[in-house]
Each structure stands twice: as structure tokens, then as C-alpha cells.
Novice: 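Sending over a structure as C-alpha cells; questions will come in a sec.
Remember, predicted model here, so these are calculated numbers, not experimental data.
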2 protein chains.
Amino acid sequence: MTLSLPPQATQVGLAVDVAAFAIHEGCLHALLIERATLPHLQTWALPGGFVHVGEELHEAALRELRDETSIELEPRHLEQFYTFGAIGRDPRGRIVSVAHLAVLPHGTVHVMGGATTLHADWFPAHAPPPLAFDHAVILGRAIKRLQLRLEYANLALEFLPETFTLPELQGVHEAILDKALDKRNFRKRLLAQGILTPSGERRSGVGRPAQLYRRAKGARTGLL
Amino acid sequence: MTLSLPPQATQVGLAVDVAAFAIHEGCLHALLIERATLPHLQTWALPGGFVHVGEELHEAALRELRDETSIELEPRHLEQFYTFGAIGRDPRGRIVSVAHLAVLPHGTVHVMGGATTLHADWFPAHAPPPLAFDHAVILGRAIKRLQLRLEYANLALEFLPETFTLPELQGVHEAILDKALDKRNFRKRLLAQGILTPSGERRSGVGRPAQLYRRAKGARTGLL
DNA sequence: GGGATAAGTGTATCCATGACACCTTCACTT
DNA sequence: AAGTGAAGGTGTCATGGATACACTTATCCC
């Protein structure tokens, strides 16, 4: 399809970037790839790339994530959060990137490079390596949005398997907020919300076994 | 500048739209223009248009607002809030619009059509006329964002002149939230925030004169 | 059985919010 | 000058949510 647009209108490259998060060993990690192409060859960057013809923005984000990191994500774990379009942000020309926030469920650890990628790996989200383009800014804003969502969506459940213990859930909150929480107040608050139901089982390990919970039927959760 | 992009990458039209709000007669109004071009000729729409070459997103938003409605806005009254890029949203082809929220200071009433515009006028934001493209959706999300910002930025001050009375401020809140507030609780809450200082003067009119306030030095306010 | 480890539990305080009714000040009218 | 209308301004009590804080319980392993 050809556009009939005013002559002064900008034709721009349209891209998506994905700030994908997971919790590993009680610490919030961000998913980064090492670029295999110019510019910024061999620099770490957020997964992302150009939107294809006839492709929706969120589809492009999911595809890039799949191609570059072998992660298959459900659409409900993805949310657009800001668009970066400053003129000098990409040396190839005017490229506008619609940045997305992704929440990766527990167990998503296996990542691998792809055609446009040397490697993919997890890095501590609060202390990432130097990043290509303006991706450090994008990552910072993504973390802020993640913390906001924690408050009034029950985002943390997305990071956990179907059943989980309260200390595990608290660990997720602490990892995202990057600060310690009081155990009793946390339990009180979460249980009062009525979004958790005890599964009846318990999980053994070191110390006293913990009660297992699952999300209650009909509980709102996740991104918007 | 020519882009060297992968062949399957989409070249898209990049546009901005502006949902601009003001309070008139105690009611939240949105600024709309009547289109003078196809598609959607003579349909009401949000001010907006294509980003020019070498122009930043927020500059384009301010320019379109100026060209289509003769309103000169300060950058701090503008905030990008969501990007609309669904495939079928514009019959001319793939056009991605970065939507902006604008808060118009008190007294901004004079609007006029421009080159690409038949008329510009204010409409009740909570009950707009039928709109072109997906602009009804954009407007709805803009109002939601506006209400959110009211809570933890002190957005309402932006709608008022330098000095104002507490009932006026309350009226702004009520217009945006579209519901009545208790006078005493409102005053208590606002004064407790410490962002207002009495100017010492009073404003006469019908009834008892009201104390005039101004924003306190260093008070956080406005959009982000 | 004793120790290490982590889970689980209750109370008192404080602050923010919301419901609620009357008095004060001024302008205008008669 | 007295009365009326119209809007501004003020205080208290009850409630609920958030915070600070320390000990007991259950299991594993030696």
C-alpha cells in the first residue's frame, strides 16, 4: 500500500523494544542481547527490531523476543509503556521505537542468540552493563513502570508458577522494589486482598515447611 | 538522510495527536478541530498531524496545536501518554500516532481554524461528538490519564492563573473527576500538602470574598 | 534430643480519609 | 439601615489502612 501523505511528512523506521524481566535467585533480572549487527556491534541491548509490514506493534514485540531469545510469551504479559523518538537516538536515521514491558513467568531461563544476535542473557536489572542506543534510559523507565504496576495490579503473581509460598511472593516484591519488606505486614496486606487461596499442600525444604497458595478464581492480575 | 534498513521493515507515517483540555465554566472541555481534508472531511478530530523531518515528537505536537488552533503552549504542559499504531486505524496506510496530553492554562479560549482545519472549538470532554479515526479511544485514555495525574502530580494548578481561590481549585478537581467533593475535606487535604501559600489578598464577587492563594515556592506540579 | 533454619502469628499506634452542619462575610435590595 | 441571598470558611468523630515490632512453631539434620 502506498501512502499519499503531505510532502513534509516524515517517513520513519518503526521499531519495538522489549524490556523483559524475570526473578532469578531473589533478584530482578533484565533480558539483554548482544548485537550481531552494526551499529553497536557486540554491545548489549534490549531485544527489539523493526516492525514488519502488516504487523501489529505487540506482534512485532513478541516476534522479536522469540527470534532473538527463543522466548515464547503470551500477549497478556506484554504492555506498551512509552515511545522513544528523539532525533539522534539511532545513527541510521529517524527511528521511532515503541518500548514494551514484559513479565516473564517463572522458569523462563533458557535463552539463546538468534540470527541477529550473538548471545542473550540475564543481567541484574538494577545494575545493567553499558547498553546500546538509549536503551539504558528505556530500561530505567521500564523498571519504574514495573514498580508502579506492582501497587495496583497484582503483577508479582506473573513471575511465579501456579502454586507458590508467601515468602516466595514477598521475595518477588522485594526484588522489584529493591528493598526489604516486613513479613507480617506483607502477609496481612496480601491475604486481606483475597486474591490468594491456600492449596492445602506445603512445601518442604530447609526449615519449617511453607503453605502453598494459588491465585484465587477471578482474581485480577497481570498487566493491563 | 537515507535509511539502510532491513527490507521487511515497515516505513510508516509518523503522526502526533494532542488531547488538549481546559476548564470552562466548571466543566472539563476538550479541544477539537473540524477536518478540512480527506479522509474524514468535516468530521471532528483531535488536533494533530504528521511529524516533519528533523522535528522532535513534542515539537510536532506543539506545532500542530499552534497551526490548527492558534494556541501557543509551553512544553511543560505536554506529555506523551500512549502510541496508537493498529493496522487499520487510518485508511491512508500504516500511520502510527504518538498521542499527547495537554493541559491548557486558564484563559486559553480563543481558538480558530487554520490551513488544514475548518473550525476549532471546545467540547465537553466527558460527552464529545463523534470523532474521526480512533480519536474517541484516544480521548478516553487521555481523560483517564488526566485523572491519574491529578492524584500525585498537582496537575490542577496548571489549569488556573497564578493566583486563585480554593473553591476555584476544587472546581477544577471536580471537573476532571466528574464528581462532587466535600469542601472541608478538600481544603484539609490540599492545605496539608503545603503546596499553597495565601497571597494575603481576597477576591470579591457574589457572596463572601475568598482568600487568594498561589503555588508555594518549590512545589512540584504539572506533568512529568 | 538438640540445634539450625525458615515459616508463621498479634497488637498498639498513627495517619489519611470521609461523613457531617453551622457560622461569616459581603453585595444588593428595599 | 435592616434584611436577604450567595458564596466562603471552619472542627470533630469514626473508620480503615499502614507501620513498627518479637516470639513461637515446624521440620531437617546431625
Novice: Can you check the B:Arg203 CZ to D:dA7 P distance for me, whole Å?
Specialist: 15 Å

Novice: Parallel under 30°, tilted from 30 to 60°, perpendicular over 60°: which one fits the rings of A:His29 and A:His24?
Specialist: tilted

Novice: Quick one: B:Arg187 CZ to C:dA21 P, roughly how many Å, whole number?
Specialist: 18 Å

Novice: In terms of side-chain heavy atoms of B:Lys188, which of D:dT19, D:dA26, C:dG18 is nearest?
Specialist: C:dG18

Novice: Between D:dA7 atom C1' and B:Phe186 atom CZ, what is the distance in whole Å?
Specialist: 16 Å

Novice: Which residue is it: B:Leu169, B:Leu196, B:Ile195? I am looking for the one with a side-chain contact (heavy atoms from CB on, under 4.5 Å) to B:Asn154.
Specialist: B:Ile195

Novice: Should the ring pair A:His119 and A:Trp44 be called parallel, tilted or perpendicular, given that the plane angle runs from 0 to 90° and is split at 30 and 60?
Specialist: tilted

Novice: In whole angstroms, how far is the C1' atom of D:dG8 from the CG atom of B:Leu181?
Specialist: 16 Å

Novice: Atom CZ of B:Arg202 and atom C1' of D:dG9: how far apart are they, to the nearest Å?
Specialist: 9 Å

Novice: Can you tell me if CD on A:Gln193 sees more than 12 non-hydrogen neighbours from other groups inside 6.0 Å?
Specialist: yes

Novice: Taking only the side-chain heavy atoms of A:Asn185 (C-beta and beyond), determine which of D:dT27, D:dG9, C:dG10 contains the nearest atom.
Specialist: C:dG10

Novice: Using a heavy-atom cut-off of under 4.0 Å over every strand shown, decide if B:Arg189 touches base, sugar-phosphate, or nothing.
Specialist: sugar-phosphate

Novice: Under 3.5 Å, is there an N or O donor on one side and an acceptor on the other linking the side chain of A:Arg208 and the base of C:dT5?
Specialist: no

Novice: OP1 or OP2 of C:dA19 versus the side-chain N and O atoms of B:Arg184: is any pair under 4.0 Å?
Specialist: no

Novice: Over how many whole Å does the gap from B:His173 atom NE2 to C:dT17 atom P extend?
Specialist: 13 Å

Novice: Could you state the CG-C1' distance from A:Asp182 to C:dT9, rounded to the nearest angstrom?
Specialist: 12 Å

Novice: Measure up the A:Phe133 and A:His135 rings against each other and bin them: parallel (under 30°), tilted (30 to 60°), perpendicular (over 60°).
Specialist: tilted

Novice: In whole angstroms, how far is the C1' atom of D:dA18 from the CG atom of A:Leu191?
Specialist: 16 Å

Novice: Select one nucleotide: of C:dG8, C:dT5, C:dC20, the one nearest the side-chain heavy atoms of A:Val206.
Specialist: C:dT5

